[in-house]
Amino acid sequence: GAVVSQHPSWVICKSGTSVKIECRSLDFQATTMFWYRQFPKQSLMLMATSNEGSKATYEQGVEKDKFLINHASLTLSTLTVTSAHPEDSSFYICSAQGQGVLAQHFGDGTRLSIL
Amino acid sequence: SQELEQSPQSLIVQEGKNLTINCTSSKTLYGLYWYKQKYGEGLIFLMMLQKGGEEKSHEKITAKLDEKKQQSSLHITASQPSHAGIYLCGADIAGTASKLTFGTGTRLQVTL
């Protein structure tokens with residue numbers, strides 16, 4: 001149980017493009033979803049927390065206009081990296097937490113490469 | 001400074017050997033979560049500890065939370081190549097039962 005699916009797993013695109021990443025909870029209702037960024041050989045850095053039906057809460061230093069988060073349903077959250085630039089290249093991972101699921105369960109991550 | 005310190009940073013053990021990874025905080029751990037990550041992949045949930053002195057086991061992995069709730073250890077008995085990966089501890093140090101702070105990770109290699 002508690003399966004989280006993240007799509008796509010790998011994206012390569014040109015600078016200036018906007019990229020959307022989806023995070024779905026497959027077998028539970030995710031009242032809260034989290035978006036993390038991970039740099040090579042480093043730990044996870046929380047970017048934002050989103051609760052279904054409300055605006056996301058962004059961590060200090062994360063540009064909310066750059067990283068748009070939508071959590072419109074109890075099973076889906078999306079992260080859109082707008083006008084992506086090479087410095088946005090990274091590994092992005094989502095996690096979900098919900099009713100009866102206290103621990104965060106993670107997707108497989110999305111590797112984003114901006115050329 | 002890191003709120004959650006993990007040690008060691010990396011570990012190479014021979015197959016069959018036991019090992020321990022530690023996760024230490026200067027603040028009270030309201031919840032402590034252990035995850036395993038393979039390079040370039042997501043995190044796999046291993047165990048959750050909430051009470052001081054709590055201990056949980058799953059297959060050959062045992063995790064403990066000390067009485068003061070400021071340190072946790074992950075112990076692997078008779079390590080196997082399948083145990084190789086990066087082990088991360090995540091902690092609720094704000095008492096929100098939601099937001100987690102992660103340690104820097106321990107990279108484990110198991111040699112034959």
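Proteins get letters first, then strands, A, B, ... in listed order; numbering begins at 1 in each.
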**Q** Can you say whether B:Leu88 sits under 4.5 Å from chain A via the side chain, the backbone, both, or neither, judging by heavy atoms?
**A** side chain
**Q** For chain B, find its close neighbours in residues 48-78 of chain A: heavy-atom separation under 4.5 Å, sorted by number, or none.
**A**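 Residues in range: A:Glu59.
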**Q** Does a sphere of radius 6.0 Å around CD in B:Glu15 hold more than 12 heavy atoms from other residues, nucleotides or ligands, not counting ones at 6.0 Å or beyond?
**A** yes
**Q** Against chain A, label B:Gln37 side chain, backbone, both or neither, depending on which of its atoms sit under 4.5 Å from a heavy atom there.
**A**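 Interface part for B:Gln37: side chain.
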**Q** Determine, stepwise, if the pair B:Leu43 / A:Leu44 fulfils side chain to side chain contact (heavy atoms under 4.5 Å, CB included).
**A** CA-CA 10 Å; B:Leu43 278 65; A:Leu44 300 177; 3.6 Å; yes
**Q** Mind running side chain to side chain contact (heavy atoms under 4.5 Å, CB included) on A:Ser9 and A:Asp108 for me, showing each step along the way?
**A** CA-CA 7 Å; A:Ser9 56; A:Asp108 286 337; over 6 Å; no
**Q** At a 4.5 Å cut-off on heavy atoms, which part of B:Lys99 comes close to chain A: side chain, backbone, both, or neither?
**A**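 Backbone plus side chain of B:Lys99, per the 4.5 Å heavy-atom cut-off to chain A.
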**Q** Heavy atoms under 4.5 Å from chain A: which residues of residues 19-36 of chain B carry them?
**A**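 Residues B:Tyr33, B:Tyr35 are the ones that qualify, each having a heavy atom under 4.5 Å from chain A.
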**Q** When rounded to the nearest 0.5 angstrom, what is the spacing between CD1 in B:Ile93 and CD in B:Gln70?
**A** 11.0 Å
**Q** Grouping I, L, V, M, F, W and Y whenever their side-chain heavy atoms are under 4.5 Å apart, do A:Met45 and B:Phe102 come out in a common cluster?
**A**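 A:Met45 does not cluster with B:Phe102.
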**Q** Atom CD1 of A:Ile114 and atom SG of A:Cys13: how far apart are they, to the nearest 0.5 Å?
**A**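 The distance works out to 3.5 Å.
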**Q** How about residues 16-40 of chain A versus chain B: which residues have heavy atoms under 4.5 Å apart?
**A**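 Checking residues 16-40 of chain A against chain B gives A:Thr32, A:Phe34, A:Tyr36, A:Gln38.
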**Q** Run the side chain to side chain contact (heavy atoms under 4.5 Å, CB included) test on B:Ile76 and B:Val13 for me, step by step, so that the C-alpha distance in whole Å, both residues' side-chain angles and the decisive distance to 0.1 Å come before the verdict.
**A** CA-CA 11 Å; B:Ile76 299 177; B:Val13 299; over 6 Å; no
**Q** With rounding to the nearest 0.5 Å, note down the distance linking OG in A:Ser90 to CE in A:Met47.
**A**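 Spacing of OG (A:Ser90) from CE (A:Met47) equals 8.0 Å.
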**Q** Among the options A:Ala2, A:Ala103, A:Gly109, A:Gly107, pick out the one with the most heavy-atom pairs lying under 4.5 Å from chain B.
**A**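 Maximum pair count with chain B is reached by A:Ala103.
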**Q** Let me know if B:Ile44 has heavy atoms under 4.5 Å from chain A in its side chain, its backbone, both or neither.
**A**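 Neither part.
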**Q** Could you measure the distance from the CG atom of B:Leu74 to the OG1 atom of B:Thr106? Nearest 0.5 Å is fine.
**A** 9.0 Å
**Q** Working to the nearest 0.5 Å, report the span between CG of A:Leu112 and CH2 of A:Trp10.
**A** 10.5 Å
**Q** Check each atom of A:Ile93 against the heavy atoms of chain B and say whether the ones under 4.5 Å are side chain, backbone, both or neither.
**A**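 Side chain only.
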**Q** Determine, step by step, whether B:Cys89 and B:Tyr87 satisfy the side chain to side chain contact (heavy atoms under 4.5 Å, CB included) criterion, reporting the C-alpha distance in whole Å, the side-chain angles of both residues, the deciding distance to 0.1 Å, and the verdict.
**A** CA-CA 7 Å; B:Cys89 62; B:Tyr87 289 83; over 6 Å; no
**Q** Between B:Ser72 and B:Lys64, is there a donor-acceptor pair closer than 3.5 Å when you use the side chain of the first and the backbone of the second?
**A** yes
**Q** Can you check whether B:Ser79 reaches B:Asn18 side chain to side chain, under 4.5 Å on heavy atoms?
**A** no
**Q** Would you kindly confirm whether A:Val81 and A:Phe91 end up in one hydrophobic cluster when ILVMFWY residues are joined by side chain heavy atoms under 4.5 Å apart?
**A**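 Each belongs to a different hydrophobic cluster.
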**Q** Heavy atoms only: give me the nearest B:Ile86-B:Gly105 pair and the separation to one decimal.
**A**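 Looking at all heavy atoms of both residues, the shortest contact is CG2-CA, 4.3 Å.
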**Q** Can you measure from CZ (A:Phe106) to CD (A:Gln97) and round to the nearest 0.5 angstrom?
**A** 10.0 Å
**Q** Picking from A:His105, A:Gln6, A:Arg111, A:Gln42, which has the most non-hydrogen pairs under 4.5 angstrom with chain B?
**A** A:His105
**Q** Residue by residue, scan residues 45-60 of chain B and write down, ordered by number, those that have a heavy-atom distance under 4.5 Å to chain A; if none do, write 'none'.
**A**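 Hits under 4.5 Å: B:Phe45, B:Met48, B:Gln50.
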**Q** Quick check: is B:Val110 connected to B:Leu11 through a chain of hydrophobic side chains (ILVMFWY, heavy atoms under 4.5 Å apart)?
**A**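 Same cluster.
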